[in-house]
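Single-structure report; data block below.
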Amino acid sequence: MITLALSKGRIFDETLPLLAAAGIEVTEDPDKSRKLILATTRPDVRVVLVRASDVPTYVQYGGADLGVTGLDVLLEGGNQGLYQPLDLRIAACRLSVAVRADYDYASAVKQGSRLTVATKYVNLSRNFFASKGVHVDLIKLYGSMELAPLTGLADAIVDLVSTGNTLKANHLVEVERIMDISARLVVNQAALKLKQAPIRRILDAFASAIPQS
Ligand code: AMP
């Protein structure tokens, strides 16, 4: 049995065409059932649904052989002992700094002000601002980052931006692009050895179906 860990939403939806290229179709709709283990048209392949940030943990400890997760999750602290053979070029977005439209970020940075930054990505943010020589106090949040500058909790946020619509709706502006993000395939190292042939077939099919930009 090959177990693939996915998170619901964009990653699940955008992985389906890659699975199709490998001759695998998920036979259950995760939005219509509460099941966490989904069967596929291949009796030896199943999909497990986990939180995006738990995908590396499942794959690292062998709860899943393969997983798809964002580069943001991997870089923030979940890439130990994982083989990362493919940039799937799906769920593309960027990690950016954003502030209220009326906040003069450039001047604050130039003057050496200490910034309060709210984010889910404290490690990536710490490294980024340290590399710029900007002093920051980081506030860890688990969601709705956009609210932080609006309520006075923080001067800036670090979050994923895709279309920019969420920022715009909340009167925030993107002031720095930290890095481009996309989803990666991760593989359990032991599984790669023990189930080499079936996993290789899936990797090759995924590789041939990666969207070109
Ligand atoms: P958007 O309004 O299209 O710029 O999307 C921004 C919102 O969607 C923010 O709340 C982000 O945290 C979230 N988001 C955008 N892209 C992704 C992604 N690839 N994976 C997870 N969350 C994302």
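Counting begins at 1 with the first residue of the sequence. Everything numeric in this text was worked out from a predicted model, so none of it was measured. As the structure lists them, so they are numbered: ligands from 1, and atoms in each ligand from 1.
- Between K120 and D159 there is no salt bridge, since no side-chain N of the basic residue sits under 4.0 Å from a carboxylate O of the acidic one.
- In S162, the parts holding a heavy atom less than 4.0 Å from any atom of ligand 1 are both the side chain and the backbone.
- Atom 12 (O) of ligand 1 has its closest protein heavy atom at D159 OD1, 3.2 Å.
- Residues V97 and V158 meet the side-chain proximity criterion, which asks for heavy atoms closer than 4.5 Å.
- The shortest N or O to N or O distance between A91 and ligand 1 is under 3.5 Å.
- Atoms of ligand 1 lying under 4.0 Å from at least one heavy atom of T163, given by number and element, are 1 (P), 2 (O), 3 (O), 4 (O).
- Proximity of G164 to ligand 1 is established by a heavy-atom distance of less than 4.0 Å.
- Within the 4.0 Å heavy-atom cutoff, M145 does not count among the residues contacting ligand 1.
- Nearest to atom 20 (N) of ligand 1 by heavy atom, out of I157, L160, I181, V73, is L160.
- The closest side-chain heavy-atom distance from T15 to F206 is below 4.5 Å.
- R177 and S96 form no side-chain donor-acceptor contact under 3.5 Å, judged by distance and modelled atom types alone.
- When only non-hydrogen protein atoms are considered, atom 16 (N) of ligand 1 lies nearest to R10 NH1, 3.4 Å.
- Those atoms of ligand 1 with a heavy atom of V161 less than 4.0 angstrom away are 4 (O).
- Residue-ligand proximity, C93 to ligand 1, at heavy-atom distances under 4.0 Å covers atoms 16 (N), 17 (C), 18 (C), 19 (N).
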Show your working on salt bridge (charged side-chain N to carboxylate O under 4.0 Å, His left out) between R94 and D180 and close with a plain yes or no.
CA-CA 4 Å; R94 54 198 186 268; D180 288 329; over 6 Å; no

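- For ligand 1, the atoms lying closer than 4.0 Å to a non-hydrogen atom of E146 are 9 (C), 10 (O).
- The side-chain heavy atoms of R100 and L172, taken from C-beta on, include a pair separated by under 4.5 Å.
- The side-chain heavy atoms of L74 and T69, taken from C-beta on, include a pair separated by under 4.5 Å.
- Within a 4.0 Å radius of atom 10 (O) of ligand 1, the protein contributes one or more non-hydrogen atoms.
- Between D87 and R89, no side-chain nitrogen of the basic residue sits less than 4.0 Å from a carboxylate oxygen of the acidic one, so the salt-bridge criterion is not met.
- Using a 4.0 Å cut-off to heavy atoms of T166, the atoms of ligand 1 that qualify are 1 (P), 2 (O), 5 (O), 6 (C), 7 (C).
- Side-chain atoms of L160 and Y121, non-hydrogen and from C-beta on, do get closer than 4.5 Å to each other.
- Close contacts between ligand 1 and N165 involve ligand atoms 2 (O), 4 (O) [criterion: under 4.0 Å to a heavy atom].
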